[in-house]
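Worksheet: the structure to be examined is printed underneath.
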2 protein chains.
Amino acid sequence: MARPRKPLLSRDRIVGAAGALVDSEGLEAVSTRRLAAELGVSGPSLYNHFRTKDEILEAVADAVSAKVDLSMFEEGDPRDWREALHDWALSYRAALTAHPHIVPVLARGPGRRPAGLKVADAVFGAMTRAGWPPAQATHIGALMRYFITGSALGSFARGFVDDRTAYDPADYPHLQQAHLLADHQEKVDEGAFGTGLRALLDGLGCQYEAGGYRKA
Amino acid sequence: MARPRKPLLSRDRIVGAAGALVDSEGLEAVSTRRLAAELGVSGPSLYNHFRTKDEILEAVADAVSAKVDLSMFEEGDPRDWREALHDWALSYRAALTAHPHIVPVLARGPGRRPAGLKVADAVFGAMTRAGWPPAQATHIGALMRYFITGSALGSFARGFVDDRTAYDPADYPHLQQAHLLADHQEKVDEGAFGTGLRALLDGLGCQYEAGGYRKA
DNA sequence: ACCTGAACACCGTTCAAGT
DNA sequence: ACCTGAACACCGTTCAAGT
């Protein structure tokens, strides 16, 4: 075939196919050969559009970050910082749980991914505008990311095996219901996320008032 | 060589070498061939002691979990649940940051790893004894894990590239100091962890009191 | 510029063969 | 029981060759 008159591939087509493959079969299913086959092309062709396989996965991750709602952090938005953080966290978590297999890539940090940086920028900007000192605003961006990516990465409930015999009462006296966790996984993880988010925001509220911070 | 009179390998030796390799060169450096070479043995030999490479990594992860201090959750310990949770979180985080490369494996959940299950058991037992209803105790175990593994996995500061030109002021007006984050990485991550942990515990304290819970 | 097949240096795992 | 080498079916990436 050699070079076609119209390019067979584009960065967007590659990212789209890679994302679909990640979603349907997981990160380990993505090999350059497999992905190329999915696109009707031979393996090395991908290297005309991306320098490495990792760059492709970074682009898939960034596409997920781009879906996070940031409107609550805009200058004119009426929500106060607590409410904005709350709504953003829900949107962020929803984006991640819709594409759980790419979360390990996202959890590495924003790196050079534009949408990842946009998120960090929006949070930091909104927190400083709300009166938080820069160091505290940085901490808030970090700790919210810890909590959100941590919750999306290690679904707590899915982390327990669905097998009664794994939990010997002599060894784990308090885990005798653990094998049931996998069943109502979603409810447990959502409940824990909600409880944690509320605690986090309540606690930050205390620190905000104790510090005497207020809107500039 | 064939079968030696004294076994060349043992599960412990394999786990030790794998852990050392993970710590020094990262997860991707661990291949069965490379690990076997490190042990002076041929690749397939490992399969006499572990069923898969993943089982070896699970064992490495469990060795790290085993280092987490759980004494604060023992029945006789004088610490109240808030203080116990606090001290445990610090010990957990210290164990993870000492072996950052294995965290992605740990973050998948306890699975069948004995030390991982011991941790979950201890937290759940202590929270129910403190008066939390079972569902809430489960949530607390989950959300603490989200926060702790999230913080160890995606070092926030290391997540930003150390390159001024990556942060165009037009795109990211609030990230003009971001390239400095990598420098005082440890301080930022520790600060954010401390801020988040305090907020989490303060917030949980509010919920505890609002719920009217108390020690059985 | 953009695709191809061949090639390089790897993988995890299985298995028959050795003692 | 516990090690070996050979083999299978894969990897990511490079590169010369084609148009």
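When reading the values below, keep in mind they use all heavy atoms of this one structure, side chains included, and skip hydrogens, waters and symmetry mates. Residue numbering restarts at 1 for every chain, and letters A, B, ... go by the order of the sequence lines.
Within residues 45-56 of chain A, the residues that have a heavy atom under 4.0 Å from DNA chain D are, in order of number, A:Tyr47, A:Thr52, A:Lys53.
When the nucleotides D:dC11, C:dC2, D:dC3 are ranked by their closest atom to the side chain of A:Pro4, C:dC2 comes out on top. Taking only side-chain atoms of A:Ser31, from C-beta outward, the nucleotide of D:dC11, C:dT4, C:dC2 with the closest atom is D:dC11.
Taking atom CG of residue B:Leu27 and atom P of nucleotide C:dC11, one finds them 15 Å apart after rounding to whole Å. Rounding to whole angstrom units, CG of residue A:Leu9 and C1' of C:dT4 are separated by 12 Å. Here the P atom of nucleotide D:dA1 and the CG atom of B:Leu8 are 17 Å apart, to the nearest Å. To the nearest angstrom, P of D:dT4 lies 11 Å from CG of B:Leu39. Here the P atom of nucleotide D:dG12 and the CD atom of B:Glu28 are 14 Å apart, to the nearest Å. Rounded to whole Å, the distance from CG on B:Leu35 to C1' on C:dC10 is 16 Å. Note: CG (A:Leu57) to P (D:dC11) measures 14 Å, nearest angstrom. The distance between atom CZ of B:Arg34 and atom C1' of C:dG12, rounded to the nearest whole Å, is 17 Å.
For the residue pair A:His179 / A:Asp162, no side-chain donor-acceptor distance below 3.5 Å is found, with atom types taken as modelled. No side-chain donor-acceptor contact under 3.5 Å links A:Asp12 and A:Ser10.
C:dA7 and D:dC11: their C1' atoms are spaced 14 Å apart (whole Å).
Taking 4.0 Å as the cut-off between side-chain N and carboxylate O, B:Arg108 and B:Glu58 count as a salt-bridged pair. Taking a cutoff of 4.0 Å between a charged side-chain nitrogen and a carboxylate oxygen, B:Glu28 and B:Arg34 do not qualify as a salt bridge. The pair A:Lys67-A:Asp62 fails the salt-bridge criterion, with no side-chain N (NZ, NE, NH1 or NH2) lying under 4.0 Å from an Asp/Glu carboxylate O.
Taking the side chain as every heavy atom from C-beta outward, B:Val123 and B:Leu70 never approach each other to under 4.5 Å. With a 4.5 Å cut-off on side-chain heavy atoms, B:Asp69 and B:Asp87 do not count as touching.
A:Phe160 and A:Tyr167 have tilted rings, their planes meeting at an angle from 30° to 60° on a 0 to 90° scale. Between A:Trp132 and A:Trp81, the ring-plane angle classifies as perpendicular under the 30° and 60° cut-offs.
Annotation for A:Val30 and A:Lys53: closest pair O-NZ, 2.8 Å, computed over non-hydrogen atoms.
Pairing analysis of DNA chain D (Watson-Crick: purine N1 to pyrimidine N3 plus N6-O4 or O6-N4; G-U wobble: N1-O2 and O6-N3; both under 3.5 Å) yields stems of 3 or more pairs at C:4-8 with D:12-16, C:12-16 with D:4-8.
A:Thr32 comes within 4.0 angstrom of a base, heavy atoms only.
Under the 3.5 Å distance criterion, the side-chain polar atoms of B:Arg129 are matched with a main-chain donor or acceptor of B:Phe73.
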Mind listing the N/O atom pairs, protein and nucleotides 5-8 of chain C, below 3.5 Å?
| residue | atom | partner | partner atom | Å |
| --- | --- | --- | --- | --- |
| C:dA7 | N6 | A:Arg33 | NH2 | 3.4 |

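Separation of atoms CG (B:Leu200) and CG (A:Leu143) is listed at 9.0 Å; rounding is to 0.5 Å.
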